[in-house]
Amino acid sequence: SHIAQPGGPHPVKTRESRHRRRPSSPALHRPAAMAPAKWLMHWHPNPGVTLNTQILSEACGCAESLGGTKDGRWKTSIIFYRPMTRDGAGGAQQNLPPDVPRELLGVALHERPGLYFSILRNQRLVLQADAAFSQVMEKLQSFKARVNLNFEGFQYQLGDFCLRIGKCVPNNTETLRGIMMEVEYYPLSSIEKSRAIMVDFFDIWQETLAKKSLPGRFIHVESNFAEYGLSDHYSFQHTAVQYATCLQQLMAAVRA
Amino acid sequence: MRGAGAEQISILVRTIVESKASSNVLRYFYGIGYKLDHEILKVGFAFRFQRGAQFTVTVTSANKMPKLHATDEAVQVTPGIQLVEITAPAAANNYNDVVSAVTSFCEYLAPLLHLSKPGNSTGIVPTAGAAAASLMSSGGAKTL
């Protein structure tokens, strides 16, 4: 079987008949601090093209054609909070004192439902807390949840990789706001050491997807982990930060 | 307990939300606009045990500091008087059980405590020594 060695590019054998059965959340078997390296990619449509779910089905079809086995659904949520103003409505934002951020993000990751992450983008701060922390925020009443976005879809096991392909939809609606995917590489937690293999995988993925002639492409945008005080050792906090980055990209693409 | 108003003290019921957080949590709160209001140093002991409910008993003195974080220069707010707090978490399904457990534990502890007003310490109850000795030495009848 193909085991990645650190350093140097390696061929990615995605077509071999090795079907390693994995439990649906192998990350749970690792020590809590160690998460496998992960890349988030978002779908960037060609100018003037609107999003549609056909791209999602084609991407899922590609995962299967590469030998991926579907093994369940996943859902990660991002909540936008805006400051409560004195009038209580959370309305007029222009009268805020300068040290109050215009928004903060709450992130609930599918792989750790007991945890809650909060991101202050303007200060490059990611907080990790228990899921109960969202109740703390609610009781404090200084910020109010305004928009709840779900990233959800199917996940596929593909050798040493796990792919999660999903759509971004506001809670309780079907309005498609974006399409994105997670690529996780189980054997490595070092971001630098896993970079080469992620690039190789991405190349194969792009090649396979290109055959469908879809009006756009997946893009991986690097998050500046160092600015958030995060190390080379991948963690759930890294994923929370990547979701914030991904969201920014999706919103920019929608506005364009 | 003895002292003015002792029989009228009722159990306070409050909603509590607890969460662990990463070590940057203080920076986070400053980041969302909170500002330091005041600082108190609490010194004392905490005991945790199960007795019909999950109890936490703390005996603490509150201390003020002349400068921020100057723990060496802390001064007691109520010299000679400590705050004894007895708490137990309750949910809807065990509320009544927790209430009776807390009530009975408070009655158990009552001979040792004497209410004091700040600035007017009543000192240690004369019977406290004997009550403590009796509680600690009781064979198997009143073990915690």
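Just so it is clear, the values below take in all heavy atoms, side chains as well, and ignore hydrogens, waters and symmetry mates. Just so we're on the same page: letters track the sequence lines, and every chain starts at 1.
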(message) My understanding is that only residues two or more places apart in sequence, or in another chain, count here; which of them pass side chain to side chain contact (heavy atoms under 4.5 Å, CB included) with B:A62?
(response)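 Checked B:A62 against side chain to side chain contact (heavy atoms under 4.5 Å, CB included); matches are B:I40, B:V77.
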(message) Please evaluate residues A:L120 and B:I32 with respect to the criterion side chain to side chain contact (heavy atoms under 4.5 Å, CB included), reporting the C-alpha separation (whole Å), side-chain torsions for both, the decisive distance (0.1 Å), and the verdict.
(response) CA-CA 8 Å; A:L120 298 180; B:I32 61 175; 3.5 Å; yes
(message) Does any backbone or side-chain atom of A:L140 lie under 4.5 Å from a heavy atom of chain B? Answer side chain, backbone, both or neither.
(response)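 For A:L140, the contact with chain B is made by backbone and side chain together.
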(request) Sort A:L127 into side chain, backbone, both or neither according to what part of it lies under 4.5 angstrom from a heavy atom of chain B. (result)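 For A:L127, heavy atoms of backbone and side chain both lie under 4.5 Å from chain B.
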(message) Going by ring pair (Phe, Tyr, Trp, His ring centres under 6.0 Å), name the residues that satisfy it together with A:H44, two or more places apart in sequence or in a different chain.
(response)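 Checked A:H44 against ring pair (Phe, Tyr, Trp, His ring centres under 6.0 Å); zero matches.
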(request) List for me each residue that meets salt bridge (charged side-chain N to carboxylate O under 4.0 Å, His left out) alongside A:E152, sequence neighbours excluded, and say none if there are none. (result)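 A:E152 satisfies salt bridge (charged side-chain N to carboxylate O under 4.0 Å, His left out) with no other residue.
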Enumerate the inter-chain donor-acceptor pairs under 3.5 Å for chain A and chain B, one line per pair.
{"unit_1": "A:D99", "atom_1": "OD2", "unit_2": "B:K35", "atom_2": "NZ", "d": "2.2"}
{"unit_1": "A:S118", "atom_1": "OG", "unit_2": "B:Y28", "atom_2": "OH", "d": "2.6"}
{"unit_1": "A:Q123", "atom_1": "NE2", "unit_2": "B:G31", "atom_2": "O", "d": "2.9"}
{"unit_1": "A:V126", "atom_1": "O", "unit_2": "B:N24", "atom_2": "ND2", "d": "2.9"}
{"unit_1": "A:Q128", "atom_1": "N", "unit_2": "B:S22", "atom_2": "OG", "d": "2.9"}
{"unit_1": "A:Q128", "atom_1": "O", "unit_2": "B:S22", "atom_2": "N", "d": "2.7"}
{"unit_1": "A:Q128", "atom_1": "O", "unit_2": "B:S22", "atom_2": "OG", "d": "3.3"}
{"unit_1": "A:D130", "atom_1": "N", "unit_2": "B:S19", "atom_2": "OG", "d": "3.1"}
{"unit_1": "A:D130", "atom_1": "N", "unit_2": "B:K20", "atom_2": "O", "d": "3.2"}
{"unit_1": "A:D130", "atom_1": "OD2", "unit_2": "B:K20", "atom_2": "N", "d": "2.9"}
{"unit_1": "A:S142", "atom_1": "OG", "unit_2": "B:Y34", "atom_2": "OH", "d": "2.8"}

